[in-house]
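Have a look at the structure below before the remarks.
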Amino acid sequence: MRIVPNLAALTLAILPLPAMASSYAEQIGTIERRLDSAGAVQVAGLQEGHTLRTGSPRGITTARLAAPSDPDMVTTADHVAVARTFINRATDENRRGDKRSCENTMTQAKGMIGALP
């Protein structure tokens with residue numbers, strides 16, 4: 001009688017299970033969506049190889065017309081380009097398993113993006 005539960009447990013243990021995405025991969029994806037949003041395209045233009053992403057479930061429905069309270073947070077085309085390089089670096093760091101560097105690089109990317117329109 002113990003053979004059936006043991007066989008079931010063994011079968012579950014050797015079945016290929018889908019790989020779980022890391023929380024860093026999800027965060028990187030979120031930042032990439034911000035970089036391909038209408039606000040980023042308004043600031044930097046649509047970059048080659050990227051598409052405009054719309055319909056984010058957490059996206060705002062109307063753009064804020066007021067300037068950001070911190071002038072250093074105004075996004076420029078150069079900031080968006082640098083943020084894209086940071087995201088590429090964060091993806092590589094995440095792939096290597098370097099979590100601390102990945103977190104730091106994502107923070108730098110978010111700072112470069114600033115307040116998109």
Side-chain angles (χ1 to χ4, degrees):
M1 290 302 232
R2 299 193 101 211
I3 293 174
V4 173
N6 289 339
L7 185 59
L10 179 65
T11 303
L12 285 175
I14 44 180
L15 280 177
L17 298 174
M20 299 297 288
S22 73
S23 62
Y24 296 114
E26 292 172 8
Q27 291 177 32
I28 289 169
T30 300
I31 297 169
E32 286 175 331
R33 283 190 298 278
R34 279 189 70 199
L35 289 171
D36 290 336
S37 70
V41 169
Q42 179 182 344
V43 169
L46 189 58
Q47 303 297 312
E48 185 177 333
H50 294 273
T51 58
L52 179 64
R53 297 187 192 191
T54 59
S56 172
R58 294 186 180 178
I60 59 173
T61 55
T62 59
R64 295 195 318 172
L65 301 176
S69 58
D70 184 359
D72 292 334
M73 294 301 290
V74 175
T75 306
T76 65
D78 291 336
H79 288 165
V80 171
V82 171
R84 287 187 194 281
T85 61
F86 281 143
I87 288 304
N88 290 337
R89 187 168 70 181
T91 301
D92 291 339
E93 292 166 347
N94 186 42
R95 194 175 301 122
R96 288 192 317 262
D98 190 354
K99 294 180 180 186
R100 183 166 302 246
S101 293
C102 183
E103 284 180 25
N104 292 337
T105 305
M106 285 190 299
T107 301
Q108 290 175 319
K110 291 175 189 176
M112 292 305 293
I113 293 170
L116 289 171

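Everything quoted here is computed from the prediction, not taken from an experiment.
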*Looking at Leu35 and Arg84, what are the two nearest heavy atoms and their distance?*
O-NH2, 2.8 Å

*What are the two closest heavy atoms between Gln108 and Arg89, and how far apart are they?*
OE1-NH2, 2.9 Å

*Residue pair Asn94 / Ala25: nearest heavy atoms and the distance that separates them*: ND2-N, 3.7 Å

*Where do Arg100 and Asn104 land on the side chain to side chain contact (heavy atoms under 4.5 Å, CB included) test, with the steps shown first?*
CA-CA 6 Å; Arg100 183 166 302 246; Asn104 292 337; 3.9 Å; yes

*side-chain contact (heavy atoms from CB on, under 4.5 Å) partners for Asp92, two or more places apart*: Arg95, Arg96

_Sequence-distant partners of Ser101, side-chain contact (heavy atoms from CB on, under 4.5 Å), two or more places apart_ = Glu93, Asp98

*When hydrophobic residues are tied together by side-chain contacts of less than 4.5 Å, even through go-betweens, does Val82 share a cluster with Ile87?*
no

*Please name all residues satisfying side chain to side chain donor-acceptor pair (under 3.5 Å) with Arg34, sequence neighbours left out, ordered by chain then number.*
none

*Roughly how far, to the nearest 0.5 Å, is the CD1 atom of Ile31 from the NZ atom of Lys110?*
5.0 Å

_For residues Tyr24 and Ile113: do they belong to one hydrophobic cluster (side chain heavy atoms under 4.5 Å, members Ile, Leu, Val, Met, Phe, Trp, Tyr)?_
yes

*By side-chain contact (heavy atoms from CB on, under 4.5 Å), which residues pair with Thr30, not counting sequence neighbours?*
Arg33

*Where do Cys102 and Ala90 come nearest, in terms of heavy atoms and distance?*
SG-O, 3.5 Å

